[in-house]
Structures are given as C-alpha cells and as structure tokens.
Amino acid sequence: MTTTPLWTTADIAHMTLALQLAERGLYTTTPNPRVGCVLVRDGKIVGTGWHQRAGEPHAEVLALRMAGTQTKGATAYVTLEPCSHHGRTPPCADALVQAGIQRVVAAMQDPNPLVSGQGLARLASAGVMVECGLLETEAHRLNPGFIKRMRYNLPWLRIKTAASLDGRTALNNGVSQWITGTAARQDVHAWRARSCAMLTGIGTVLADNPRLTVRDIDAPRQPWRIVLDSQLRTPPQANILDTPGTLIVCATYIADRAAALKSRGAEILLLPNDKQQIDLSRLLTLLAQRSINEVMVEAGATLNGAFLTQQLVDEWIAYIAPTILGNHARSLFTLPELTSLAQAQHGTITDIRQIGTDCRLILQFEQHHHNNHEQAPTDRSEISGLA
C-alpha cells in the first residue's frame, strides 16, 4: 500500500467529483454512509455512481455497471474504503478486482473497527495499487454520524438555535416567531432532512406545538421525532404525533398517559437515571443501537443546557438575527454558574456565512469518547433501523 502518495490535480478533481456524487445521497442513504465513486481510464471518466439507499447497490457497483467493458486498467476513486464483506450486497472490493481495476484511491478507511483496512488489504493482495487519504477531511464531513456511530456506538448530536444578536431566543412572554428570516428557516429544513432523528423537550411541545418535520425542501423521508418528556405530559392531540415515527422518552411511566399516546402511534421509552430524570447519555447509546447516525436537537434552554453540560454536543448550528431583544428575554442555554474561565467549554468555528438577512455560525466540540461496550454493527450494508 502506498504510504506517501503524490496526488495529481487530476486525482483531486476526480475525488472532488466522487464527493459531490456522494452528497446526492445526503437525505436518503441513512443509516448507511453517503458514498460516491468515479472510474477513470486513460484520463477519461468512464463510470460514476453513488449509494442511494440501504439495501441498494453500493457506489462502486453502479459505477462499474455504467463503465461496462471499459473497466480493465481503470482507476477507481471512492469516498469510503470499498467493503470487504457479504451483507445485503456482495463485497465491492471483489467486484473491483473482477472488473480489472488497476488502482483504487480511497478518501478514507471504513471507520468500523471490525472492517477498517480489510477492503484495502483485499485489493492490495489481489495486485491492485491502493492509496488512501485523498480529501479525507471532506469525506469525514459527509458522514459524521456514521463515523461516530461506528467508532463509539453514539450518534452525532447537533444542536440548532435561532437567536438575536445578544443571544436571546424569545421574549420573556415566550413570543419567538420569527426571530430569524425565511432563508434561515429554509436552511434549517435542509439540516432536518439529512438527520435521522429530530429531538425536542416537553417544554417546546407545550409552548410551540411543533411538527419537527421537513417541509420546505423535497425530502424522500421524514426523520424520527423524539420528545424528552419525564412525566408523559405530551398532549395526545400534539402536532408531533401526526406523522408516524414518534418516540417519547420518560423518566416516570404513567400508564393512562402512556396508553393515550400509544393510541396515537407513539412509542414510549422509560429511561430514568438515579435522579429520576431522563438518562441522556444512555438515550444516545440506545439511538445508536437503532442505527441513528445524526440527531438534531431543536429545544429550549433547559434541554440545550443539559446536553451541553454533560458534554454530549458535537456540533452547534447557531442562526443569529440582526436584532437585540434585551436582558429580560430568554437565553439560549440554562447552565450552571462558572467560577473560572478555565471551566468554559470551547468549540471550533468550522463555518460562518450569511443566510438571507441572518448569520449562520457552525461550531464543533471535541468530545472525549470512551468506546461503549455495546459493539457497533459490523456491516454497513446490513444496517437497518428506525431512520
């Protein structure tokens, strides 16, 4: 295997195209990763493909089909290491070898510790020239939830907030619609569409009666909706129950309330911690076991603060409106008081841009995960679950 490959501008261009193809599956591949593949022979693109849905052919197979008889001696650019195992589909590594592919350039290894490197090793042992790491950072950005779930058996947790310039989310009387403009709200729906699950708290359900569905863009599926509701106070007529696929997580099971919610199609999950509150950390592990890759939180200050305090947040998408609401308005997070700046949590800003009249800031937090003892799934083609 090549250790220090020298990428050409052509290599970079072809992998960039493969990443763009992978992105076409942004809203559809879950719980599988988004993967793209480009086949090049004698400097000419002969085949392209991207994985579209779990159970359907992988990107490499689709690209090989398109190339037909032009695969012998070609180079394959693929955004994730080709699989080396039999799942719902045969191993892509074998298909590439059988097609006479001469060189495989992968953006990154498969993050599954039980698979990682084996697809590349199988190719190398068959005499294929193998290189890995081209545009790896960009490949990671496509699949943060899949990568995290494979490595730590946890989903990628993304908090979304919309606030005034002075960090306020609503007036003291609760009025919050609309602080941000139309373009920002439409952007939120794109983030919802790529998520496996939307998560909120009972406070938001009672105050705003949200649907938490994808509406402003064409999405082939709706994410699951999860309500953290310790005492099962969700009204059976709540909008969030109108779309199939709602999970209500409680700390106290109240039979008649549970029965009313179940009759509306909700699933009830009892998950108390030793303080009789919902066990957030355990919840995330259970969601990963259900093949949930990306969770988007749209909640109030209490739940946002709880996730932040317990250091469970991977990414924060902050929409900031050019308005000032004052110190009596409601804040973004309810957090314990700090006595030293050393106690502050620090994130890294990964993106800043103007969306309509508002600003969107994306921060990522570096979390220190310990591998959960519950093992991650072993096969990206056999994963099935809620999403």
Side-chain angles (χ1 to χ4, degrees), residues 26-34 54 111 140-162 187-205 210-214 219 221-229 240 243 245-250 266-267 269 271 278-300 302-319 333 347 350 362-367 369 372 374 376-377 383-387:
L26 202 60
Y27 305 151
T28 58
T29 64
T30 185
N32 282 6
R34 298 129 184 165
H140 272 255
R141 274 191 211 123
L142 267 179
N143 293 301
F146 178 77
I147 293 167
K148 190 180 174 194
R149 182 164 66 84
M150 287 293 120
R151 287 184 177 162
Y152 305 108
N153 202 30
L154 289 166
W156 181 265
L157 191 81
R158 184 181 281 129
I159 280 186
K160 170 246 137 183
T161 61
D187 191 59
V188 169
H189 282 271
W191 289 100
R192 284 184 181 184
R194 66 174 285 169
S195 303
C196 304
M198 300 295 305
L199 188 150
T200 194
I202 182 59
T204 301
V205 170
R211 296 187 185 278
L212 291 191
T213 50
V214 181
R221 59 167 187 91
Q222 288 293 345
W224 266 68
R225 283 150 322 283
I226 303 167
V227 182
L228 304 197
D229 179 6
I240 206 159
T243 311
T246 304
L247 175 66
I248 299 180
V249 187
C250 63
E267 180 189 346
L269 177 62
L271 207 62
I278 291 167
D279 190 331
L280 298 181
S281 180
R282 177 77 183 136
L283 172 63
L284 294 182
T285 300
L286 290 176
L287 293 180
Q289 288 173 353
R290 294 185 182 210
S291 300
I292 295 282
N293 289 337
E294 297 179 25
V295 177
M296 182 157 155
V297 178
E298 292 193 28
T302 305
L303 189 50
N304 285 346
F307 277 118
L308 209 56
T309 301
Q310 294 182 41
Q311 299 193 343
L312 298 172
V313 181
D314 294 293
E315 191 169 46
W316 175 16
I317 302 179
Y319 296 90
F333 300 102
T350 58
I362 300 182
L363 273 86
Q364 285 188 9
F365 297 93
E366 188 65 48
Q367 307 298 7
H369 304 294
N372 285 353
E374 292 102 340
I383 298 163
S384 62
L386 299 174

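We're numbering straight along the sequence, starting at 1.
Residues forming a salt bridge (Lys or Arg N to Asp or Glu O under 4.0 Å) with Arg211 (at least two apart in sequence, or on another chain): Asp242. By the salt bridge (Lys or Arg N to Asp or Glu O under 4.0 Å) test, Arg225 is found to be paired with no residue, residues two or more places apart in sequence or in another chain being considered. Not counting sequence neighbours, the partners of Ala306 by the side-chain contact (heavy atoms from CB on, under 4.5 Å) test are Leu280.
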Evaluate the side-chain contact (heavy atoms from CB on, under 4.5 Å) criterion for residues Thr204 and Leu303: first the C-alpha distance (whole Å), next the side-chain angles of each, then the deciding distance (0.1 Å), finally the verdict.
CA-CA 10 Å; Thr204 301; Leu303 189 50; over 6 Å; no
- Might you work through the side-chain contact (heavy atoms from CB on, under 4.5 Å) test for Arg221 and Thr28, ending with a clear yes or no? CA-CA 7 Å; Arg221 59 167 187 91; Thr28 58; 5.9 Å; no
Go through Ile159 and Phe365 one step at a time and tell me if the side-chain contact (heavy atoms from CB on, under 4.5 Å) criterion holds. CA-CA 11 Å; Ile159 280 186; Phe365 297 93; over 6 Å; no
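A donor-acceptor contact shorter than 3.5 Å links the side chain of Thr200 to the backbone of Glu298.
Less than 6.0 angstrom separates the ring centroid of Trp316 from the ring centroid of Phe333.
Taking 4.5 Å as the limit, every side-chain heavy atom of Asp229 sits out of range of all side-chain heavy atoms of Cys250. Between Asp187 and Tyr319 there is a side-chain heavy-atom pair separated by less than 4.5 Å. Between Arg149 and Ser291 there is a side-chain heavy-atom pair separated by less than 4.5 Å. Residues Asp314 and Leu154 form no side-chain contact, since every pair of their non-hydrogen atoms from C-beta on lies 4.5 Å or further apart. Under the 4.5 Å side-chain criterion, counting only non-hydrogen atoms from C-beta, Leu283 is in contact with Leu228. A 4.5 Å side-chain heavy-atom check between Met296 and Val188 finds at least one atom pair inside the cut-off. Taking the side chain as every heavy atom from C-beta outward, Phe307 and Val295 never approach each other to under 4.5 Å. The shortest distance between side-chain heavy atoms of Gln364 and Pro144 does not fall below 4.5 Å.
The distance from atom CG of Leu199 to atom CH2 of Trp224, rounded to the nearest 0.5 Å, is 13.0 Å. Atom CG in Asn143 sits 10.5 Å away from atom CE in Met150 (nearest 0.5 Å). The CG atom of Leu269 sits 10.5 Å away from atom CG of Asp279, with the distance rounded to the nearest 0.5 Å. Once rounded to the nearest 0.5 Å, the distance linking CZ of Arg158 with CG of Leu363 reads 13.0 Å. For the atom pair CD of Glu267 and CG of Leu247, the computed distance is 5.0 Å after rounding to the nearest 0.5 Å. Summarising the geometry, atom CG belonging to Leu26 is positioned 7.5 Å from atom CD belonging to Glu294; distances are rounded to the nearest 0.5 Å.
Summarising the geometry of His140 relative to Ile147, their closest heavy-atom pair is ND1-CD1, 3.5 Å, with the distance given to 0.1 Å. Residues Asn293 and Asn32 come closest through the heavy atom pair ND2-O, 4.2 Å. Nearest heavy-atom pair across Arg34 and Leu142 is NH1-O, 2.8 Å. Closest approach of Leu284 and Pro155 over heavy atoms only: O-CD, 3.1 Å. In this structure, Met198 and Leu212 approach most closely via the heavy-atom pair CG-O, 3.6 Å. Residues Gly201 and Ala299 come closest through the heavy atom pair N-CB, 4.2 Å.
Salt-bridge annotation for Lys148 and Glu315: absent, with no side-chain N of the basic residue lying under 4.0 Å from a carboxylate O of the acidic one.
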